[in-house]
Amino acid sequence: MRSSIGSRAAVLMALAVFAAACGGGGSDSVGEKPPITDKPAPGAGEGSEKSKGGKVDFDTVFNTKERIQQALPDPESMKGWKSKTGRADIEEQPKSAAECGPDTHWDCSGIAHGSTKFEEVGETVLFKIQAYADKKAAEAACRKEKDWSAKYTKAEAAPVPGVESHTYYRNAGNLDGLDLSMCLGTVIAQVRLEGGGSSLDPATAHSLAQLFVPRIQRAAAAS
């Protein structure tokens, strides 16, 4: 079912608007916060930058579990959703692009990855982050991911400000979901919607992505 944005998406939009402007710590709770601006997250100067073109960019390598966990949304930032699972893993023996070759999956050369899952009535959202050794490796993986996702049906969604993004309906076997993928700095980040009661609304994924990006920026800037 492809419904237009409803009450759930409206709540999520408000959540993303308030959370994206928060600059303290690692939490994006939905308290009294100023409205969103398109400025980078406060503190995003160390190891992180925003280029003149407005693109979110950073050289920081996400090679620790702590940095991965900082980037992923937490229960405080996802008010109204039930936290289900979360993990962060570091590859003990990561492969180089040369070892992976041109025909492997886009995550082959990743050095670390993490994910966290939340549920709301009838809907599940999964946040994923895949880290690479540098921006060059991440950009190559982004091209692979875009080619890989092209086999699925494109979803009409507004671009996520400051990052390269695309959205598609991911239908395989008995799975029915929607993926929004983003390339920024040294990582690929994804927001996935699924669940029997999900409307798979691109606007919902877009709102959640706007919550995710500032967290990644702050994690990149953290010492």
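FYI, the numbering just counts along the sequence from 1.
For the atom pair Glu139 CD and Glu164 CD, the distance stands at 9.0 Å (nearest 0.5 Å). Distance check: Lys128 NZ to Met182 CE gives 12.5 Å after rounding to the nearest 0.5 Å. Rounded to the nearest 0.5 Å, atoms SG (Cys108) and NZ (Lys95) are 5.0 Å apart. Atom CH2 of Trp148 is separated from atom NE2 of His105 by 4.5 Å, given to the nearest 0.5 angstrom. Taken to the nearest 0.5 Å, the CG atom of Asp176 stands 9.5 Å off from the OH atom of Tyr169. To the nearest 0.5 Å, atom OG of residue Ser115 and atom CZ of residue Arg192 are 10.0 Å apart.
With respect to the salt-bridge test (charged N to carboxylate O, under 4.0 angstrom), the residues Lys135 and Asp57 qualify. For the pair Lys144 and Asp107, the salt-bridge criterion is not met [side-chain N within less than 4.0 Å of a carboxylate O].
Put simply, the side chain of Arg170 never gets that close to the backbone of Asp179: no donor and acceptor are under 3.5 Å apart. The backbone N or O of Pro159 sits less than 3.5 Å from a side-chain atom of His206, completing a donor-acceptor pair. The backbone N or O of Ala219 sits less than 3.5 Å from a side-chain atom of Arg67, completing a donor-acceptor pair. Within the 3.5 Å criterion, the main-chain N or O of Thr60 finds a donor-acceptor partner in the side chain of Thr186.
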Discussion item. Between Glu145 and His166, is the side chain to side chain donor-acceptor pair (under 3.5 Å) condition met? List the steps.
Written reply: CA-CA 10 Å; Glu145 193 281 330; His166 58 274; 2.9 Å; yes
Discussion item. For a side chain to side chain contact (heavy atoms under 4.5 Å, CB included) check, start with the C-alpha distance between Thr204 and Leu193, then their side-chain angles and the critical distance, and finish with the verdict.
Written reply: CA-CA 9 Å; Thr204 300; Leu193 298 180; 4.0 Å; yes
Discussion item. Show, in sequence, the C-alpha distance, side-chain angles and deciding distance for Glu194 and Thr124, and conclude whether the side chain to side chain donor-acceptor pair (under 3.5 Å) test is met.
Written reply: CA-CA 5 Å; Glu194 55 191 14; Thr124 298; 5.4 Å; no
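Considering only residues two or more places apart in sequence or on other chains, Ala112 meets the side-chain contact (heavy atoms from CB on, under 4.5 Å) condition with Ile68, Ile90, Ala131.
Using cut-offs of 30° and 60° for the angle between ring planes, the Tyr152 and Tyr168 rings count as parallel.
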